[in-house]
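Computed from heavy atoms alone, side chains included, the values below leave out hydrogens, waters and symmetry copies.
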Amino acid sequence: MIIRPKKIGSGMSLGALAIILAGGTLVGAAPGNTGIVINEVYGGGNNSGAAYRNDFVELYNNGSSSVDLAGYTLQYASVAGQFQTSNNQVTTLSGTIGPHSYFLVQLAGGTTNGAELPTADFVGASNLSGTGGKIALANNATLITYTAPNTFSSNVVDFVGWGTASGTPANAYEGTGAAPVTANGTSISRKVLGEDSDDNAADFAAAAAPSPMNSTVTITPTPTTGSGPTATPTNTTVAPTNTPTPTATPTNTPTPTATPTNTPEPTATPTNTPTPTATATPTNTPEPTATPTNTPTPTATATPTNTPEPTATPTNTPTPTATATPTNTPTATPTATPTNTPEPTATATPTNTPEPTATPTNTPEPTATATPTNTPAPTATPTATPLPPAAPQVVSIAPPAATDAVGDTRTFTLTVSDANGVSDIKDVWFLANTALGWNNGATLIYDNVGNKLYLRNGDRFEGPITPGSGTLSSNAVSIDGSTVVVTPQGDGKTLTISFALQTKIGIRGANRIWGRVQDLAGTTDPAAMPGESGFVSLGTWTVSGPAGTQQSPSISVNPGAKGTSTPAPVGTEFNVTVDLTDPNGLADIESGYVLINQPGSLTFGNGFVIVYDARTNRLYLRSDDGNSSLGGNMVGQGTGTLENSAGSIRLAGCTATPITNGVRLVIPVTPKSQFAGTKQVWTRIQDLGGNVAANSDSNFGFRAEGTLVIASPLGTPSTAAIAIDGTPAGKGTSKTLVAGQQSTFTLTLSDADGISQIQNGWILINTPNRLGWTNAIALIYEPGTKTVYLRSSDGMSFTSGVVGTSTTLANDAVSVDLSASSVASTTTDIALSLAVTPKAAYAGTRQIWSRVQDTAGNVQANHDAAQGFNTEGQIVITTSTPAAVRRTPRSSGGYS
């Protein structure tokens, strides 16, 4: 909780904010304050070694009254990044947090690694880093601002900066320092429940076992002398015992809030895969161990988007096997294996981004296939030693071996027992699949307490229905409730459940049958094999596919169909219509892709990649770097947008309509100016058997379609010239400057659409062939406010000032006197003259680059380097002036 000296307007610049706060001091809240605080933060969800499948933020209310969180926001930024609205980094909350109660916010994650979170009080989609970042609780939706390290805008209720990226600590935090670094299996939590001294370093510790608490847990703090609350909840969830491996998080270079919104900035790489919103399901029902199959994707292109700074190399996130809990298990999207991203050079295309060259054994899928590999069970029922009297038992399945064809109906009878009586049985499970997992299998759950029946369908449960009525259906089987008979036996300890399943394509293959029983205490059959979550192997069920099973599915797209070229203006929404069909019907379709990128660039990175999971009816958009998926919204149920730097998808306009043997998707797309140009369209479809379209023409099952011409409504701006002391400094020139002596650098910016369309201009000076802003002279000019920004030598922050004011900007390489600088303009041209003094520490030969960007994101047409930069001339900075020539008088008069 932060108490601030005065309210700051949301439209105020960082410079104004710094001036206002200069006369006041932030007042830290006393320990044991009565407000809402961020109590625990976990960002390793679903990563390798994850404790939980989802990231989470746990709030705690120290007060004695409930607080309505409607309108509050959780805002996330990377260790060095700025807060922004794109890519779900702002979570708008709703609900009420009670007095001395928790409020659990579930965020992005997956279904593969770690335990299920307790039922969340709110579900968001922000993707936190597993090692460090910044999270703020704000009392409204206005983006927070800060002056590093610990001055914040007035809407911040609580702020936590934690961890590091590439060894660099978080650049903003409360108090003296950031909270500790985390790993995939650890969180940061307050040392004393709810106690906030406004010092992240002092208040937080790394928790070896994250302990997410929801609103069902209420703690009345017990004051102790000199400290805050000490009570600890009793239902803390035990974290996995394996030692997690920290995941390195790329360092995002922050952009000052006052800078133009499209100022080039390294793209943040999320650490987690976004998770679909949880669906309420039966609780306390652990899933069998789920291991995704190896799903290679087209290599992510590592070209940084619109930024001169080297893009940090993302960390590969391997997915180990983990015991899954079938309490509301969303479907994960696979994590693409990124390639190393070298620092940009004068060549726009990185040299180490290989395209797909070999036919993979598994094609990219949006959903991990749950096929555990670490603990195989025997094909026959294990012979168990005498069981403890109190443990429930899975007795048998009848028939123990069955053979059917797709479309047949098979009746099974599952028998279980409990020495404490039938009333002690909580739930009974039937699971048939090729491996112990429920993707593409038949999973039936009978809730004995509530007399309800559920059927697993993809990432959610269907039902409940009451035995004797209703129907349930998945892509594997359907069940008519009238066929379900639940019979307690005469001994009072045995229960039989008889049910008839009609087979579908999803269950085809050689399946094993497992049973599971759980009593009210959570005990399962000890005869279950270790690591198989209480499931006991009972028998086999072979289901043969219908004629035509091996026929290929097909996909079509409009606009962008093969042989066509369609205009798609920047900023204008148009519908992408995709038809997915399969000879075996919609139930046999697994996924569909529409990939839009540079011609010849069949990669996910820096493109617009739509992924549809037909099994769960969910839609995803790949991130800028291609390494993660955004969204996971069910088609027809989403609001807001999915967005990357190429464009956005309006979720409310998305539809999925059944057609003959398939589904038609309509997806409203709006391209962005950064994505202007001619783009290639590719499509891909895969069925449950792994088949792709017969007319695919790439190693990954993608088919090259037509093109989209994404045109900007504005013309292209241009940089007219850079001059030093009145002498042009264009390409091929070299000028000598003396360290400590002032020179005038003039940057001329031109735009035929008028200077009101010029968003910013750059002068970048660095070692030849090193197009980056670390240890550089990086100057950015914003015409709208006449503000000049200078990057710090480490590239992590800015200093700024207005041209003509008594401000001097400086880093290790240069100082810029803004009082001696000026700007002049015409209707189409701006001439910025800066008084620049190089420093001795920066002596040597240096390359100059220039850059201009308009309000639509266009850069100059004549650029010859990455991210829209144009290579200019060079300067040679020396540390001394040439010695003067000595002149001596001649005997005959004059001088020699």
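At least one donor-acceptor pair closer than 3.5 Å links the side chain of D408 to the backbone N or O of A405. With T409 contributing its side chain and L501 its backbone, the two residues share no donor-acceptor pair below 3.5 Å. No donor-acceptor distance shorter than 3.5 angstrom exists from the side chain of S628 to the backbone of S623, with no hydrogens or angles considered. Counting only distance, with no hydrogens or angles, the side chain of N184 and the backbone of S48 share a donor-acceptor pair below 3.5 Å.
K426 places none of its side-chain heavy atoms less than 4.5 Å from the side chain of P392. For the pair R684 and V692, the minimum side-chain heavy-atom distance is below 4.5 Å. Between F56 and P210, some side-chain heavy-atom pair lies under the 4.5 Å cut-off. Between Q502 and V477 there is no side-chain heavy-atom pair separated by less than 4.5 Å. With contacts defined as side-chain heavy-atom distances shorter than 4.5 Å, the pair S473/K504 qualifies. A heavy-atom distance below 4.5 Å is not found between the side chains of L538 and F412. Looking at heavy atoms from C-beta onward, S556 lies out of side-chain contact with T683 at the 4.5 angstrom threshold. Under the 4.5 Å side-chain criterion, counting only non-hydrogen atoms from C-beta, S474 is not in contact with E462.
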Assess the residue pair T413 and T496 against the criterion (side chain to side chain donor-acceptor pair (under 3.5 Å)); give the C-alpha distance rounded to whole Å, side-chain angles, the decisive distance to 0.1 Å, and a yes or no.
CA-CA 7 Å; T413 300; T496 63; over 6 Å; no

Trace of the side-chain contact (heavy atoms from CB on, under 4.5 Å) decision for D480 with T471:
CA-CA 5 Å; D480 185 338; T471 59; 4.3 Å; yes

N113 vs N47, test: side-chain contact (heavy atoms from CB on, under 4.5 Å). Steps then yes/no.
CA-CA 6 Å; N113 298 319; N47 289 353; 5.8 Å; no

Check step by step if side-chain contact (heavy atoms from CB on, under 4.5 Å) holds for L453 and F499.
CA-CA 11 Å; L453 200 68; F499 49 91; 5.9 Å; no

Pair T483, T411 - check side-chain contact (heavy atoms from CB on, under 4.5 Å), show working.
CA-CA 9 Å; T483 69; T411 298; over 6 Å; no

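Each of D519, V517, T494, D447 was checked for a side-chain contact (heavy atoms from CB on, under 4.5 Å) with I425, and the lone residue meeting it is V517. R516 pairs in a side-chain contact (heavy atoms from CB on, under 4.5 Å) with only one of the listed residues (V428, D427, V536, L431), which is D427. For the side-chain contact (heavy atoms from CB on, under 4.5 Å) with V663, the qualifying choice from V578, T657, L586, D579 is L586, the only one to do so. Only one option out of T434, D404, D588, T542 pairs with R508 in a side-chain hydrogen bond (donor to acceptor under 3.5 Å, both in side chains); it is D588.
The two residues I507 and A442 have their closest heavy-atom pair at CD1-N, 3.7 Å. W541 approaches A432 most closely through the heavy-atom pair CE3-CB, 3.8 Å. Heavy atoms only, all atoms of each residue included: D582 and P553 are closest at OD2-CB, 3.5 Å. Here the shortest heavy-atom pairing between R618 and G632 reads NH1-O, 2.9 Å. The two atoms that bring P118 and N214 nearest to each other are CB-ND2, 3.8 Å, heavy atoms only. Considering all non-hydrogen atoms of both residues, V422 and K493 come closest at CG2-C, 3.7 Å.
To the nearest 0.5 Å, the span separating CD1 on I465 from CD1 on I479 amounts to 6.0 Å. To the nearest 0.5 Å, atoms OG1 (T443) and CZ (F430) are separated by 9.0 Å. Here the CD1-OG1 distance, from I685 to T581, works out to 6.0 Å after rounding to the nearest 0.5 Å. One distance of note links CG of L595 with CZ of F700; it measures 11.5 Å at 0.5 Å rounding. Separating the CG atom in L107 from the CG atom in L117 is a distance of 9.0 Å, to the nearest 0.5 Å. The distance from atom OH of Y42 to atom OG of S211, rounded to the nearest 0.5 Å, is 12.5 Å.
One side chain, N451 or Y446, offers a donor N or O that lies under 3.5 Å from an acceptor on the other. Of the N and O atoms on the side chains of N617 and Y612, at least one donor lies less than 3.5 Å from an acceptor on the other residue.
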